[in-house]
There are 2 protein chains.
Amino acid sequence: MAAQHALLECLPSGLRAEAEQHAQQVHLSAGDVVFRAGDGCRGLPMVISGSVRVQMLGASGHGIVLYRMGPDDVCTLSIGCLMAGRGYRAEAHVEEPTEALLMPRQAFDRLMAASAEFRQQVMASYGRRLDDLMLLVEEVAFGRLDQRLLEWLKAHASGQPALITHQELAVELGTAREVVSRLLKDFERHGRVRLARGRVELLQSQEVD
Amino acid sequence: MAAQHALLECLPSGLRAEAEQHAQQVHLSAGDVVFRAGDGCRGLPMVISGSVRVQMLGASGHGIVLYRMGPDDVCTLSIGCLMAGRGYRAEAHVEEPTEALLMPRQAFDRLMAASAEFRQQVMASYGRRLDDLMLLVEEVAFGRLDQRLLEWLKAHASGQPALITHQELAVELGTAREVVSRLLKDFERHGRVRLARGRVELLQSQEVD
DNA sequence: GAATCGAATGTGACTTTATCACTGAGCACG
DNA sequence: CGTGCTCAGTGATAAAGTCACATTCGATTC
């Protein structure tokens, strides 16, 4: 076992060995769906490497990206499902080939009991996610879409063009495809971006604030 | 000490006595502000009775209600701040006279270490809050405002009229006062509500679905 | 290479929300 | 009884969402 999760690295070796023994290592390929809305939770996923996108579907059929999980993240969403015995409300899509550990509830509970460090990290991670969601609420409720789109592009399309469709961008922002298309067209007319099918390039002059 | 918090009731008596010894009981009056955006966190608030509204302010000056805390709730938001050492992003307003315990971080950590039951409840409560926020994201992103307003009224103004201003309703829904005014006026024209200054009465025929 | 099909994008018309700048109404207090 | 409040109503305009299509690009097949 070469790569490991930062949360386990901080454990004393005895606990760590026990944890590794109970955890199941899984490999996920790009495009895999880790869980869907309504699914039950079979353990706590801990991401070692890769990237997983968590999003939810509205009644209208539109979706919105809630957050992403990367290396050394734990799926805080799963903790809630695990503890409350509810199903997931969101769905998780693998974006890049991902290595993860699936920690059974029993083992997770033992770690929480035994290690103050582990506890602290898990709670902190929970706090960050809560924070992310609050930020998202604020953006969706009060943010202007052109600004949000521009910021997304700055974050994801600086340096090299983003390979993404308008539909996918709409899900990133929680809006409709047509709205994204029109905004991008406007940006193009103003020389802020260069567009091609499935590709959005942010022009140099726009990358600074 | 008469009233207590459900989370402490489930503890063995030794732990419970210790917890009660370290926790500080506080009384909050309607209108008090428990914390504001940017404040540091001085401990974990646990609500015994009463009601506290948690909301955040957008850059535009508009606000939106995130959730409410009632009897036997813990302020999950505080755990994140406590663990990550960040300030709060939201603000908490007392709506009804409220009794609460303020549990210092040290004491909280000892409880988390010592009681599986306590741990489980805290994590479950965290999960519910995440869920609330996800639901809110969906509503704000995809919900129609007239439906959201009507549902708010059904939840808070069935039986007796709601004593609330249009401005406050706007904050409940994360929108602008004018929008609420217009929608309510429409509802009134269609005989769904009766309006008075600072008062919205949902008419009987509307209370069923 | 041309035909064909499906996904991705473009667009017009219209509705719903948001914003701005006011006006008017109800209420408390001197 | 004014006189200031806060609360509510409204018109004009802009931004965003919805619906119904038209177009275009690329890959696959012939």
Side-chain angles (χ1 to χ4, degrees), chain A residues 31 56-65 136-153 157 161-190 192-201, chain B residues 31 57-65 136-153 157 161-190 192-202:
Chain A
M56 73 189 302
L57 248 62
S60 49
H62 289 200
I64 183 169
V65 173
L136 182 60
V137 167
E138 184 186 352
E139 285 210 337
V140 171
F142 307 125
R144 287 183 50 107
L145 210 47
D146 51 357
Q147 285 310 307
R148 293 212 289 137
L149 176 53
L150 212 47
E151 252 145 54
W152 192 97
L153 292 175
L163 300 179
I164 191 170
T165 67
H166 298 183
Q167 175 58 53
E168 286 163 342
L169 263 173
V171 172
E172 292 287 334
L173 302 178
T175 183
R177 200 261 315 156
E178 299 92 309
V179 177
V180 171
S181 287
R182 279 193 252 261
L183 284 174
L184 284 175
K185 209 67 194 162
D186 256 26
F187 287 172
E188 191 182 42
R189 275 191 279 270
H190 289 79
R192 292 155 165 277
V193 299
R194 184 173 301 141
L195 299 177
R197 162 174 277 231
R199 219 178 71 110
V200 181
E201 184 178 356
Chain B
L57 250 61
S60 48
H62 289 202
I64 183 169
V65 173
L136 182 61
V137 167
E138 184 186 352
E139 285 211 339
V140 172
F142 306 126
R144 287 184 50 107
L145 212 44
D146 51 357
Q147 285 310 307
R148 293 213 288 138
L149 176 53
L150 212 47
E151 254 147 51
W152 192 97
L153 292 175
L163 300 178
I164 191 171
T165 67
H166 297 184
Q167 175 58 52
E168 286 164 341
L169 264 173
V171 172
E172 292 288 333
L173 302 177
T175 182
R177 200 260 316 154
E178 300 92 308
V179 176
V180 171
S181 287
R182 278 193 253 260
L183 285 175
L184 284 176
K185 208 67 193 159
D186 257 26
F187 288 172
E188 191 183 42
R189 276 191 278 268
H190 289 78
R192 295 156 164 277
V193 299
R194 184 171 302 141
L195 299 176
R197 163 174 270 231
R199 219 178 71 112
V200 181
E201 184 179 355
L202 190 59

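Counting heavy atoms from C-beta outward, B:Ile164 and B:Trp152 have side chains that approach closer than 4.5 Å. Side-chain contact between B:Val179 and B:Leu173: absent, with no pair of heavy atoms (C-beta onward) separated by less than 4.5 Å. A:Leu183 places none of its side-chain heavy atoms less than 4.5 Å from the side chain of A:Val193. Using a 4.5 Å heavy-atom cutoff, the side chains of B:Phe187 and B:Leu149 are in contact.
A straight line from CD1 of B:Ile64 to C1' of C:dT17 spans 14 Å, rounded to a whole angstrom. The CZ-P distance, from A:Arg197 to C:dT9, rounds to 6 Å in whole Å. Atom pair A:Glu178:CD and D:dT23:C1' shows a separation of 15 Å (rounding to whole Å applied). Atom-to-atom, CZ of B:Phe142 to P of D:dA16 comes out at 16 Å; the value is rounded to the nearest Å. Per the geometry, CD belonging to A:Gln167 stands 14 Å off C1' belonging to D:dG17, to the nearest Å. A straight line from CD of A:Glu188 to P of C:dT9 spans 12 Å, rounded to a whole angstrom. Rounded to whole angstrom, the span from the NZ atom of A:Lys185 across to the P atom of C:dA8 amounts to 17 Å. When the C1' atom of D:dG9 is taken as reference, atom CG of B:Leu195 falls 11 Å away, rounded to whole Å.
Remark: A:Thr175 is in phosphate contact with D:dG17, judged by side-chain N or O atoms under 4.0 Å from OP1 or OP2. Close to D:dT6, at under 4.0 Å from its OP1 or OP2, lies no side-chain N or O of B:His166.
Minimum atom distance to the side chain of B:Leu145 is reached by C:dT17, of the listed C:dT17, D:dG17, D:dG9. Comparing atom distances between the A:Ala176 side chain and each of D:dG17, C:dG10, D:dA12 picks out D:dG17 as nearest.
Summary of the strand contacts: A:Leu184 and B:Leu183 both lie near DNA chain C, and taking for each the nucleotide with the nearest heavy atom, the more 5' one is attributed to A:Leu184. The residue among B:Arg182 and B:Arg177 whose nearest nucleotide of DNA chain C lies closer to the 5′ end is B:Arg182.
The existence of a salt bridge linking A:Arg148 and A:Glu151 is excluded, since no basic side-chain nitrogen approaches an acidic carboxylate oxygen closer than 4.0 Å.
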